[in-house]
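The block underneath contains the structure these notes are about, expressed in structure tokens.
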Amino acid sequence: MGIIDRIKERFYLKSLPAKIARNKGRVPRNVEEAKTIGILFDATDIDYRKKTLAYADKLRKQGKKVSTLGFIATADKEATFSFDFFTLRQIDWAQRPNGDAITHWLSHDLEVLICLFPQSSKFTEYLALHTRAGLKIGPVATNASCYDLMLDMPAQSTPQQIIQQYEQVLAKTIPQPV
């Protein structure tokens with residue numbers, strides 16, 4: 001690791017919160033109990049985007065308030081989508097995302113954060129640590145404080161596979177009445 005990379009890493013680590021952001025309200029044990037859900041996803045691939053937005057619509061039909069934030073590698077300045085998004089241009093040299101969409105996202109108080117990225121990256125970890133949510137679900141991260149439930153998934157996993165995996169795990173953690 002060169003000196004520039006060490007400087008970037010140091011600034012990135014200093015930008016992480018000393019205390020992990022948490023929602024002050026109740027902490028749901030699963031997605032079914034949650035009323036407000038945030039979905040962070042990779043919107044670069046059109047199929048991945050459609051599947052994720054279909055899942056968000058399914059949750060909305062169940063009466064949940066769903067906020068979505070997508071990452072698109074490159075997009076025109078005039079591009080409009082049905083969800084908030086950020087691009088590579090909005091990630092600074094220390095791998096910290098910024099911009100209006102990020103500020104808007106971080107202003108939400110969520111009960112559940114679902115990160116549908118199959119693999120973790122510095123900017124997804126940064127967002128997970130700064131997002132106020134009671135239950136955080138995401139990929140295995142280098143920072144163990146990022147998520148309450150981490151899923152080790154292959155890099156080519158689809159949103160349905162990730163969703164199915166965390167729903168199965170959460171279903172096993174809820175105590176059943178005897």
Side-chain angles (χ1 to χ4, degrees), residues 1-34 36-44 48 52 55 59 66-71 84 86 88 90-99 101-103 105-175:
M1 183 184 273
I3 191 163
I4 302 276
D5 291 332
R6 287 195 307 256
I7 291 170
K8 286 181 181 180
E9 183 73 13
R10 179 167 296 247
F11 274 94
Y12 171 77
L13 292 173
K14 283 190 170 261
S15 69
L16 298 180
K19 186 176 179 188
I20 287 90
R22 289 284 177 200
N23 184 348
K24 302 287 190 241
R26 67 184 191 87
V27 177
R29 292 179 291 181
N30 58 27
V31 177
E32 286 77 30
E33 292 179 4
T36 57
I37 299 172
I39 300 176
L40 178 63
F41 67 103
D42 186 357
T44 303
Y48 203 94
T52 302
Y55 179 65
L59 292 173
V66 180
S67 301
T68 53
L69 179 64
F71 167 73
D84 288 339
F86 65 103
L88 279 174
Q90 294 166 309
I91 298 175
D92 70 10
W93 57 274
Q95 297 297 308
R96 300 171 298 203
N98 53 44
I102 302 299
T103 305
W105 172 264
L106 294 177
S107 69
H108 293 293
D109 277 331
L110 305 169
E111 290 181 359
V112 176
L113 167 67
I114 303 169
C115 179
L116 290 180
F117 280 81
Q119 301 290 304
S120 186
S121 65
K122 287 193 177 193
F123 66 84
T124 58
E125 291 180 19
Y126 179 91
L127 287 169
L129 287 167
H130 284 85
T131 301
R132 291 187 312 267
L135 176 63
K136 298 180 183 185
I137 303 166
V140 173
T142 54
N143 188 332
S145 302
C146 286
Y147 304 105
D148 302 310
L149 173 61
M150 292 190 200
L151 302 173
D152 191 10
M153 301 292 289
Q156 63 276 10
S157 297
T158 65
Q160 289 97 339
Q161 291 170 327
I162 298 169
I163 292 163
Q164 180 185 27
Q165 188 70 26
Y166 84 72
E167 284 179 344
Q168 286 177 350
V169 171
L170 289 176
K172 293 176 182 177
T173 61
I174 299 172

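Note: hydrogens, waters and symmetry copies are ignored here, and every other heavy atom, side chains too, is used.
In this structure, T52 and T68 have side chains that are not in contact, with every pair of non-hydrogen atoms separated by 4.5 Å or more. Put simply, the side chain of L116 reaches to within 4.5 Å of the side chain of Y48, judged on heavy atoms. Within the 4.5 Å cutoff, the side chain of I162 has heavy atoms near those of the L151 side chain.
Nearest approach of G38 to L110, heavy atoms of both residues: CA-CD1, 3.6 Å. Counting all heavy atoms, side chain and backbone alike, P118 lies closest to P139 at O-CB, 3.6 Å. Closest approach of T158 to Q161, counting heavy atoms only: N-OE1, 2.8 Å. In plain terms, the two heavy atoms of P154 and S157 that are nearest each other are O-OG, 2.7 Å. In terms of heavy-atom proximity, A155 sits nearest to Q119 at N-NE2, 3.4 Å.
Qualifying ring pair (Phe, Tyr, Trp, His ring centres under 6.0 Å) partners for F86, counting only residues two or more places apart in sequence or in other chains: F71, F123. Listed by chain and number, the residues in a side-chain hydrogen bond (donor to acceptor under 3.5 Å, both in side chains) with N98 amount to none (sequence neighbours excluded). S120 pairs by the side-chain hydrogen bond (donor to acceptor under 3.5 Å, both in side chains) definition with E125, not counting sequence neighbours.
Side-chain atoms of T131 and W105 form a donor-acceptor pair, as typed in the model, at a separation below 3.5 Å.
Of the residues L135, T124, I137, V140, the one that meets the side-chain contact (heavy atoms from CB on, under 4.5 Å) test with Y147 is T124.
Of the possible polar contacts, one joining the D148 side chain to the K136 backbone as a donor-acceptor pair under 3.5 Å is found.
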